[in-house]
Amino acid sequence: MTSRHLVMIAMGGVIGSGLFLSSGYTISQAGPLGAVLAYLIGAFVVYLVMTCLGELACAYPVSGAFHIYASRSINPATGFTTAWLYWLTWAVALGSEFTACGLLMQRWFPSVSVWVWCLVCAAVVFTVNAISARVFGETEYWFSLIKVAAVVALIVLGGAAIAGFHPLADRHQVFPHLLENFDTPGGLFPHGMSGVLVTVLASFYAFSGSELIGVAAGETDDPARAVPKALRVTVVRLLVFFAGAITVIAAMIPYDKVGLDESPFVTVFTAIGIPYAADVMNFVIITALLSAGNSGLYSCARMLFSLAEEGQAPQALRRLNARQIPMAALVVSMLGGLASLLSSVVAAQTVYLVLVSIAGFAAVAVWMSIAASQFFHRRAFLRDGGDVRTLPYRTPLYPAVPVLAFLLCLVSLVGVALDPAQATALYFGIPFVAACYLYYHLRHGRRTSETPS
């Protein structure tokens, strides 16, 4: 793959149903200005983490690399735990993406059962991943391009409408002028700073997926050049797309009238006068879900393959077929996604709740692992007499950047504990981490301690 593919893989992992469906809810919780500020803070943290990721991805350009960073820079137990956290995150996501696709397809095919579309979507995603890494990258590029086009259209057309240019709209349609919606009857922050804090936490999860660049680094041509370029482009585009889209939506729709009953994209496009806005966005959202599932399955398979390479998973998972695809790891990952899908139906209040909670916790935990890995990697590099000028890519302002990234992620987890709606993530996430460490030391610790130094 090339940097072009890496950028779109990362964009595809981030721009999804959270932006297309849930952005209205975040605006209603924080108010227009609060939502914009929350996503700007989230983008800043993404920038910090991505700069740490850049140095690590160039130092260790291997497939499914997150746990490799932690294993070599911190300790193998941390790498093992990071890998299973990230694998579970995407396995749960697979189940939810397939379910959402099936529900959305009901708009056009109400007589076809949801489970049929779930299986169709699973088959499409599996087939794309089973052909080759190049086909996966190219498919993800076009999936992501559709989503990006929808976001750009919203920013351009919505921006023109609030500036007074809306030739397709009904003549009786009234549009707010510029940012007048930001001055709400309750002030700039109608729900106070607590609403902004909750939205900042949500923005962290919304930006998760940008780290997929690190997973794909090992299957990229010239990682030392492609990875840093992809990181820079991804961070800038995510900032523009998320901040721009949230600004336009908040400016177009009063914060107390935007919610989850309809995609805010549909509301904006309908007001502007775009024909068949609801059908167009239904197609875009289905594409977004397939894109997320595509990236998720790729990430899961490479993570299992990488664990097997390190001797921390069954060796069958490291086998490659003639097209260099870890087929066993791919099949196991798909089965994990289907198990998540099944649990969402038969055990939604027990097993699935636990899985979703751990997945939400894992998004921030993996970022913390990346920041900590870069800190210890650079420290060891300097201690061994390394010259930072020889690094293909180096994190700026070391050690301030990795320390700040780690602390901001840690603060977000403290914020989760203070929010009853999200605290479940810690109740299940922390015990899961402890269980991974315990299992590693029971299963692998003795062998590690007996290895001659």
Side-chain angles (χ1 to χ4, degrees), residues 45-87 89 208 210-218 220 223-224 227-228 230-231 299 302-313 361-410 413 433-434 436-437 439-441 444-445 447-449 451-453:
V45 175
V46 168
Y47 165 75
L48 297 178
V49 174
M50 291 301 101
T51 58
C52 294
L53 177 65
E55 184 172 318
L56 294 166
C58 291
Y60 309 120
V62 292
S63 184
F66 289 132
H67 81 107
I68 301 293
Y69 306 157
S71 292
R72 297 181 184 176
S73 301
I74 306 174
N75 58 59
T78 301
F80 177 82
T81 303
T82 300
W84 283 110
L85 277 170
Y86 202 66
W87 185 88
T89 297
S208 63
S210 51
E211 69 286 333
L212 280 166
I213 289 175
V215 177
T220 304
V227 170
L231 288 170
S299 180
R302 269 52 181 187
M303 199 60 69
L304 288 184
F305 167 78
S306 189
L307 276 168
E309 285 269 279
E310 293 290 297
Q312 297 173 357
F361 169 83
V364 175
V366 167
W367 285 6
M368 294 173 72
S369 170
I370 292 171
S373 297
Q374 192 279 329
F375 176 86
F376 289 112
H377 164 74
R378 176 75 73 87
R379 190 174 72 169
F381 180 78
L382 294 173
R383 187 177 59 238
D384 294 338
D387 184 353
V388 293
R389 291 174 295 182
T390 64
L391 295 172
Y393 178 86
R394 58 182 180 269
T395 303
L397 301 176
Y398 176 88
V401 165
V403 170
L404 183 59
F406 187 90
L407 289 177
L408 288 174
C409 289
L410 183 61
L413 292 182
V433 168
C436 286
Y437 271 98
Y439 175 83
Y440 180 85
H441 285 295
H444 303 284
R447 185 182 63 187
T448 302
S449 64
T451 302
S453 58

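Everything numeric in this text was worked out from a predicted model, so none of it was measured. For reference, positions follow the sequence shown, starting with 1. What you see below is based on every heavy atom in this structure, not just the backbone, and it leaves out hydrogens, waters and symmetry mates.
- A distance of 11.5 Å separates CH2 of W87 from CE of M303, quoted to the nearest 0.5 Å.
- In this structure R383 satisfies the salt bridge (Lys or Arg N to Asp or Glu O under 4.0 Å) test with no other residue, sequence neighbours excluded.
- In this view, D384 satisfies the side chain to side chain donor-acceptor pair (under 3.5 Å) rule with no residue, not counting sequence neighbours.
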With salt bridge (Lys or Arg N to Asp or Glu O under 4.0 Å) as the test, would you mind laying out the steps for R302 and E309 before giving the verdict?
-> CA-CA 10 Å; R302 269 52 181 187; E309 285 269 279; over 6 Å; no

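- Remark: A77 engages N75, Y437, Y440, H441 in a side-chain contact (heavy atoms from CB on, under 4.5 Å) (not counting sequence neighbours).
- Between I68 and S306, some side-chain heavy-atom pair lies under the 4.5 Å cut-off.
- Residue F381 comes nearest to V388 through the heavy atom pair CE2-N, 3.8 Å, listed as atom of the first residue, atom of the second, then distance.
- A distance of 10.5 Å separates CD1 in I74 from OG1 in T81, rounded to the nearest 0.5 Å.
- In this structure, Y393 and L53 have side chains that are not in contact, with every pair of non-hydrogen atoms separated by 4.5 Å or more.
- Shown here are the side chain to side chain donor-acceptor pair (under 3.5 Å) partners of S369, two or more places apart in sequence or in another chain: T82.
- In this structure, the side chains of T89 and F361 stay at 4.5 Å or more apart for every pair of heavy atoms.
- The salt bridge (Lys or Arg N to Asp or Glu O under 4.0 Å) analysis of residues 388-402, with sequence neighbours excluded, yields the pairs D387-R389.
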Compile the donor-acceptor pairs under 3.5 Å between side chains in residues 395-409 and protein atoms, sequence neighbours left out, one pair per line.
{"residue": "T395", "atom": "OG1", "partner": "T51", "partner atom": "O", "Å": "2.8"}
{"residue": "T395", "atom": "OG1", "partner": "E55", "partner atom": "OE1", "Å": "3.4"}
{"residue": "T395", "atom": "OG1", "partner": "Q374", "partner atom": "NE2", "Å": "3.4"}
{"residue": "Y398", "atom": "OH", "partner": "F375", "partner atom": "O", "Å": "2.7"}
{"residue": "Y398", "atom": "OH", "partner": "R379", "partner atom": "N", "Å": "3.4"}

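- With sequence neighbours left out, the side chain to side chain donor-acceptor pair (under 3.5 Å) criterion links W84 to no other residue.
- In this structure, OH on Y69 lies 10.5 Å from NE2 on H67, to the nearest 0.5 angstrom.
- You'll find the side chain of L413 reaches within 4.5 Å of the side chain of M368, heavy atoms only.
- The side-chain contact (heavy atoms from CB on, under 4.5 Å) search around S73 returns L56, Y60, S373, F376, H377, not counting sequence neighbours.
- Heavy atoms only, all atoms of each residue included: S71 and F80 are closest at OG-N, 4.3 Å.
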